[in-house]
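Every number for a ligand or one of its atoms is a count from 1 in the order of the listing.
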Amino acid sequence: MPIYLGLDSSTQSLTAVAIEVDGDRRQVVAERSLRFDEDLPRYGTRNGVLPSDDPLVARSSPRMWAEALDRMLALLAEDGAFPLSELRAIAGSGQQHGSVYLSPEAEEILTRLDPAQPFVEQLADLYARQNAPIWMDSSTTQQCEDITRAIGGEGVLANLTGSRAFERFTGPQIRKYYEEDPDGYDATGRIHLVSSYMATLLAGRHASIDPGDASGMNLMELAHKRWAASALQVTAPNLGDRLPEIRESWTEIGPIGPYWRSRYGYPDGVRVISWSGDNPCSLIGVGLIESGRIAISLGTSDTLFGFMPLPRVDPMGGGHAFGAPTGDYMSLICFKNGSLARERIRERHGLDWDGFSAALASSAPGNGGGILMPWFEAEITPTVLEPGVRRYGLDEGDAARNVRAVVEAQMMSMAIHSRWMGVDVTTIHATGGAARNREILQVMADIHDAEVYQFEVGNSAALGAALRAFHADRMAEGDEIPWTEVVRGFAEPVIDSRIAPDPDRVALYRDLMEVYEAGEAHALRGGDDPAPLIEAFRAKHPG
Ligand code: XUL
């Protein structure tokens with residue numbers, strides 16, 4: 001029975017999902033996860049990020065990701081969850097935007113690996129830069145301004161690449177590296193994304209980047225899915241020479257590298273398929289292969305995204321248009337204060353996750369007009385570079401109301417900042433760790449006035465990668481398999497999991513959303529204090 005493997009190299013962990021596909025027989029045969037902080041403690045990460053004195057800087061260790069890959073391949077080979085001989089193809093998903101700087105000898109080093117020696121110990125000379133800036137980094141405001149000015153303004157860059165300049169995007173990050181360490185930049189042979197770096201390690205040769213992940217760089221011409229010469233030019237000198245090719249998401253990078261075959265017994269014929277970003281992979285993993293529905297992923301970052309047949313760019317400049325693994329497009333907005341913000345409130349009030357849910361259930365929807373802006377960290381949507389939680393009509397010590405306020409804030413912010421997508425949302429596919437929590441999903445349903453569904457497999461990015469491996473393997477065999485057939489039986493919502501919006505609460509949240517927008521305007525743009533609006537809300541919704 002053919003097996004396909006999807007790997008998700010995310011901020012905090014590496015997850016594997018293996019699926020078996022044989023006609024109508026379709027099932028998940030393995031799900032494994034390694035957590036960076038706990039399973040690879042020698043790298044000293046916290047929540048997958050290296051310690052930093054500057055709260056705007058966020059980096060991680062590419063060597064740690066390589067060691068995680070090695071451990072995962074060993075684990076899957078040893079634990080017998082599926083016969084290795086049946087494995088046909090591996091694809092992957094990477095946290096988006098992060099960049100890895102390899103030395104000019106990288107490919108040679110990867111072809112010379114000795115299968116008798118541990119993997120990471122042979123990678124000492126692989127890197128031109130020891131750490132990798134990741135998507136949580138907000139330290140490149142200056143570079144964003146320089147790039148924007150040089151290219152002719154925000155609109156020009158957004159129309160060309162799908163997004164205005166964002167601090168975490170790879171172009172501004174590369175420019176910062178070039179400015180701060182020109183020698184290091186000079187000594188760099190190839191700059192990979194997390195996705196293409198991991199595919200490179202698996203295949204033992206430089207992998208291409210797919211349009212899904214390349215669109216998170218401020219460097220790709222969105223309409224033509226090729227490097228944008230003008231964007232490369234204003235970012236760093238001779239950048240084109242250092243970037244991998246952009247090729248379709250179903251590109252076969254090559255067979256699995258000889259190291260993995262000799263060391264763990266992976267069969268010769270296993271295809272390594274292009275990796276993509278975690279959000280593009282999730283799009284497939286929750287079955288969004290046509291317009292009309294959206295997905296909300298509640299993970300380290302919270303993201304809201306949907307399939308788009310044509311590239312549509314956010315005129316307000318807050319959201320993104322990315323490539324989709326189907327060859328189409330997707331819209332996306334990203335919030336940095338996702339699971340870590342929920343966790344901060346939970347910890348502050350000494351609750352476990354059951355206690356968090358109980359607090360949510362025990363507090364009144366709308367919180368009597370009390371709101372908070374959950375900016376524990378610098379925020380991406382809306383742009384907040386000075387972290388700090390703001391509360392309006394809400395006492396910091398009140399556990400239940402603060403739990404409710406963080407969840408309501410996250411959902412309202414998503415609803416407000418996704419208006420540009422122009423989707424009349426009636427159905428939401430919920431994924432990510434916190435999507436297991438039905439109390440949170442009820443708030444999601446009520447605020448978005450939409451039905452919410454859960455999924456069998458929590459890690460939609462790894463599942464999406466496994467499905468992409470299946471699709472690419474069929475394509476390589478000359479079978480132009482339609483996407484509806486790829487996702488069938490896997491990426492379908494659990495019908496019984498439906499959570500319906502409550503009409504009274506939908507109306508209440510419409511009013512609360514006005515309070516929230518006023519709070520945001522007050523906190524960020526010197527707008528009026530929302531206190532009178534909170535009073536009016538309380539008068540209209542007593543109790
Ligand atoms: C998307 C983004 C995050 C990362 C997290 O633009 O920055 O969702 O991909 O893994």
**Student:** Could you say whether the N/O atoms of T303 and ligand 1 ever approach to under 3.5 Å?
**Tutor:**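 Such a contact does not occur with ligand 1.
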**Student:** Please walk me through it: do H471 and Y4 pass ring-ring contact (aromatic ring centres under 6.0 Å, His included)?
**Tutor:** CA-CA 10 Å; H471 168 257; Y4 300 96; over 10 Å; no
**Student:** Within a distance under 4.0 Å of any heavy atom of D278, pick out the atoms of ligand 1 and give their elements.
**Tutor:**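 So the answer, numbered in order with elements, is 4 (C), 5 (C), 9 (O), 10 (O).
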**Student:** Below 4.0 Å, non-hydrogen atoms only: which portion of T300 touches ligand 1? Side chain, backbone, both or neither.
**Tutor:**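 No part of T300 is near ligand 1 at this cut-off.
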**Student:** Take the angle between the ring planes of F322 and H320 and call it parallel below 30°, perpendicular above 60°, tilted in between.
**Tutor:**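 The arrangement is parallel - the two ring planes meet at less than 30°.
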**Student:** Before giving the answer on side-chain contact (heavy atoms from CB on, under 4.5 Å), spell out for E408 and I371 the whole-Å C-alpha distance, their side-chain angles and the decisive distance to 0.1 Å.
**Tutor:** CA-CA 8 Å; E408 289 182 343; I371 53 169; over 6 Å; no
**Student:** Just to confirm my output: which protein heavy-atom neighbour is closest to atom 2 (C) of ligand 1, and how far is it?
**Tutor:**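 Ranked first by proximity to atom 2 (C) of ligand 1 is C334 SG, 3.4 Å.
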**Student:** Is the shortest heavy-atom distance from the side chain of D210 to the side chain of R247 under 4.5 Å?
**Tutor:**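 They are not in side-chain contact.
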**Student:** What residues, two or more places apart in sequence or in another chain, satisfy side-chain contact (heavy atoms from CB on, under 4.5 Å) together with Y185?
**Tutor:**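 Counting only residues at least two positions away or on another chain, Y185 forms a side-chain contact (heavy atoms from CB on, under 4.5 Å) with I174, Y177, Y178, I191, A236, P237, L239, R242.
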**Student:** Using a 4.0 Å cutoff against the non-hydrogen atoms of R168, which atoms of ligand 1 qualify?
**Tutor:**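 Numbered from 1, ligand 1 contributes 1 (C), 2 (C), 6 (O), 7 (O).
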**Student:** Please state which protein non-hydrogen atom is closest to atom 1 (C) of ligand 1 and give its distance, to 0.1 Å?
**Tutor:**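 Going atom by atom, the protein heavy atom closest to atom 1 (C) of ligand 1 ends up being N279 ND2, 3.3 Å.
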**Student:** I need the atoms of ligand 1 closer than 4.0 Å to a non-hydrogen atom of Q95, numbered in the order shown.
**Tutor:**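 Selected atoms, number and element: 10 (O).
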**Student:** Can you report which non-hydrogen protein atom sits closest to atom 3 (C) of ligand 1, along with the distance?
**Tutor:**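 For this ligand atom, the closest protein heavy atom is S301 OG, 3.5 Å.
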**Student:** Dump the intermediate steps for side-chain contact (heavy atoms from CB on, under 4.5 Å) on Q142 and D146, then the final yes or no.
**Tutor:** CA-CA 6 Å; Q142 185 60 53; D146 294 345; 3.1 Å; yes
**Student:** Would L283 and L332 count as a side-chain contact (heavy atoms from CB on, under 4.5 Å) here? Give the steps.
**Tutor:** CA-CA 10 Å; L283 188 80; L332 177 133; over 6 Å; no
**Student:** If we set the cut-off at 4.0 Å for heavy atoms, which region of I380 has an atom near ligand 1: side chain, backbone, both, or neither?
**Tutor:**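 For I380, there is no contact with ligand 1 at all, from either part.
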**Student:** Could you pull out, from K336, H97, Q96, H320, the option with a heavy atom nearest to atom 6 (O) of ligand 1?
**Tutor:**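 That would be H97.
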